[in-house]
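Bear in mind the structure is a predicted one, so any value in this text is a computation, not a measurement.
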Amino acid sequence: MATPEVAATLSALGQRALTAAGNFSPSTYTGYAEMHGWARHIALDLPVFPYLLFAHCLYAADRVNALTGGRQHWLKSYVLTLAAAFGGSTLASVLSGRPAPLFTTTANMMLPMQALCWYLVNVVTPVRVLLRLRLVSAVLVYFATAAKVRSIFGAVDGLVAAFPASWSGAIVLGGLSGCGGSLFVSLEKINQFGRGAPSELSAPGWPFKAAFLSAALYYVGTDPAGLVAAAAGVKALPWNRDEVCFAVSAGLCVHATLCALGGATFNPLRPVEVLLSAVLRLPEGGDAAAVAAAAPVKAPSRARVGGTALPRPGAISSSTLGSSTTAETVVSAGKNTAKLRVPKKGTPVAASVGTKKTK
C-alpha cells in the first residue's frame, strides 16, 4: 500500500502533467510547425512540374517494372507505363469532353519526363535497386500520392466549373482521374496470369477506393453549390478551400507513406465495408490476395467420343492429305455432320452436307 507521501508525490506529478498538456500549443512547437509547413507546402504550393510530376512518373515506372519483371519488350513496357501514369487523367478528360493532357501543350513536359523515368527504372539498374529500398520508396510514395491528389482536385474543379451542382459526376470523374491508370495495369495482370487474376474491379485495393474517397471529401468540403451548407442550415462552411485540400492531401500522403514503411496496405474503411455488406447483403468477391490465390478460370475441354478427342471444325490431318485413298473427315460434332471428300491431290472439296451420302 502506498504511503501518504508517495501518494502526494504522484498526485503532484499528475497535476503538473495535466497543466503542461493544457498549456501545450502545437502551433508554437518548433518540430510540429516545421512538419506542418512542409506538408502544407507540398500539398498546396509545390509546383507539379518538375517535382510532383517526376515522382509520379518514377513511381508508375517502378510499379510496372515490378509487375512485368522487366521481361516485356521495351515498347510495350513504355506504353504500359504511359497508360499507368496518365491513363486516369486521359479517361476523365475524354469522358468530360475536355482535351486530354497528353494531347495539349502540357504533353511537351509530361512525355519527356515519363520517358526519362522509364529509362532510369528499366535500364539503369542502380536506380531501380535504390527505389526498392523501403525508406526511399516511402518518400517516393508520399510525393507520388500528392501528385495524384492534385490530379483528382483538378478533375473535380474542371467539372464543377461547368456543372456546380453535379456532385455525382464530379466524384466519379475525380476518382477516375486518380485511379484510371490502375485499370490498364489490371489488363496486363489478366494478360499475364489469366482470367482468374485480380483486377481493380473484381478486388479493388485501397488506392482505388482512396481516389473516389478523396474526390468525395474534396467536393463535400469545398461545397461549390452550397448543398452541404444548405443541409446544415448555415450560410457557408466554417473552413476554406486550402484547408480542405491540405487535410485530404496530407491524410492520404501520410497513410500511403506508413503503408510503404510497414510493407502492407491498411484499409481504414474495412469495418464500414463489412458492415454495409452485411446490412445490404452485397456479394463480395474477396480481397486481392484471396482472388490471386484462386485457380485461374480455364476454358472447358472438348468433348470426347469413344475416348478420342474430336477434331476442330475444318481440321484435316496432314496424313489424310498425303494419303493415296479417299477419306471422309467429320468437321462438325452436331447432328448433321458435314463430310469432306479428300482427293489424293488438290484442295478438299465438300461432297455433301447431311447424314446421307450422294453418288
Side-chain angles (χ1 to χ4, degrees), residues 25-63 84-86 88-89 92 101 106 109-110 112-114 116-117 120-121 127 130-158 160 174-175 177-182 206-222 239-263 265-266 268:
S25 177
S27 59
T28 59
Y29 179 57
T30 305
Y32 175 84
E34 291 180 355
M35 292 179 59
H36 182 273
W38 275 105
R40 188 178 182 86
H41 175 72
I42 295 173
L44 302 177
D45 303 324
L46 187 66
V48 175
F49 181 85
Y51 306 107
L52 296 183
L53 180 62
F54 180 75
H56 175 67
C57 293
L58 201 63
Y59 179 76
D62 183 58
R63 293 301 90 193
F86 307 118
S89 59
T106 57
M109 299 181 295
M110 295 167 59
M113 182 69 73
Q114 190 267 342
L116 173 62
C117 293
L120 291 176
V121 171
V127 173
L130 180 65
L131 292 178
R132 300 295 166 83
L133 298 178
R134 185 163 295 185
L135 182 60
V136 177
S137 177
V139 175
L140 180 63
V141 165
Y142 188 96
F143 285 90
T145 305
K148 181 177 73 172
V149 173
R150 291 275 192 98
S151 176
I152 295 173
F153 293 167
V156 173
D157 290 339
V160 165
S177 178
C179 68
S182 61
W206 167 249
F208 187 88
K209 302 172 185 177
F212 290 94
L213 176 63
S214 59
L217 292 176
Y218 177 71
Y219 184 88
V220 172
T222 54
W239 49 76
N240 56 34
R241 178 183 178 277
D242 288 348
E243 292 176 348
V244 175
C245 293
F246 171 68
V248 175
S249 179
L252 290 181
C253 291
V254 171
H255 177 270
T257 303
L258 293 178
C259 291
L261 289 174
T265 302
F266 169 70

Show the numbers, then the answer: is there a side chain to side chain contact (heavy atoms under 4.5 Å, CB included) between Thr222 and Phe153?
CA-CA 11 Å; Thr222 54; Phe153 293 167; over 6 Å; no

Let's go through Leu53 and Arg150 carefully: what are the C-alpha distance in whole Å and the side-chain angles of both, what is the deciding distance for side chain to side chain contact (heavy atoms under 4.5 Å, CB included) to 0.1 Å, and is it a yes or a no?
CA-CA 10 Å; Leu53 180 62; Arg150 291 275 192 98; over 6 Å; no

If I take atom CZ from residue Phe54 and atom CG from residue Leu116, how far apart are they, to the nearest 0.5 angstrom?
6.0 Å

Donor-acceptor contact present, side-chain Trp239 to main-chain Gly221, <3.5 Å:
yes

Which class fits the ring pair Phe266 and His255: parallel under 30°, tilted 30 to 60°, perpendicular over 60°?
tilted

Assess whether side chain to side chain contact (heavy atoms under 4.5 Å, CB included) is satisfied between Tyr218 and Arg241, documenting all intermediate values.
CA-CA 9 Å; Tyr218 177 71; Arg241 178 183 178 277; 2.9 Å; yes

Heavy-atom pair of closest approach, residues Ala146 and Cys253
N-SG, 3.5 Å

Which atom names give the shortest non-hydrogen contact between Val156 and Ala215, and what distance separates them?
CG2-CB, 4.2 Å

Hey, is Arg132 close enough to Asp62 for a salt bridge, meaning N to O under 4.0 Å?
yes

I need the Phe212 CZ to Ser177 OG distance, nearest 0.5 Å.
10.0 Å

Shortest non-hydrogen pair, Ala61 vs Cys117, comes out as CB-O, 3.9 Å

Validation row: Leu58, Phe143 side chains within 4.5 angstrom (heavy atoms)
no

Would a distance-only check, ignoring hydrogens and angles, find a side-chain to backbone donor-acceptor pair under 3.5 Å from Ser249 to Phe246?
no

For Leu52 and Ile42, the nearest pair of non-hydrogen atoms, with its separation, is CD1-O, 4.4 Å

Quick one, Val160 with Tyr219, criterion side chain to side chain contact (heavy atoms under 4.5 Å, CB included). Give me CA distance, side-chain angles, the key distance, then yes/no.
CA-CA 9 Å; Val160 165; Tyr219 184 88; 3.8 Å; yes

Atom CG in Leu258, atom OG1 in Thr265: separation rounded to 0.5 Å?
11.5 Å

Classify the ring geometry between His41 and Trp38 as parallel (under 30°), tilted (30 to 60°) or perpendicular (over 60°).
perpendicular

To the nearest 0.5 angstrom, please state how far the SG atom of Cys245 sits from the CG atom of Leu217.
11.5 Å

Give the minimum heavy-atom separation between Gly174 and Ile152, together with the two atoms involved.
O-CG1, 3.4 Å

Are Phe86 and Cys57 packed together at the side-chain level, in the sense that at least one heavy-atom pair is separated by less than 4.5 angstrom?
yes

Check whether any side-chain heavy atom of His56 sits under 4.5 Å from a side-chain heavy atom of Ser151, and report yes or no.
no

Looking at every non-hydrogen atom in both residues, tell me the closest pair between Ala260 and Val141 and how far apart they are.
CB-CG2, 4.2 Å

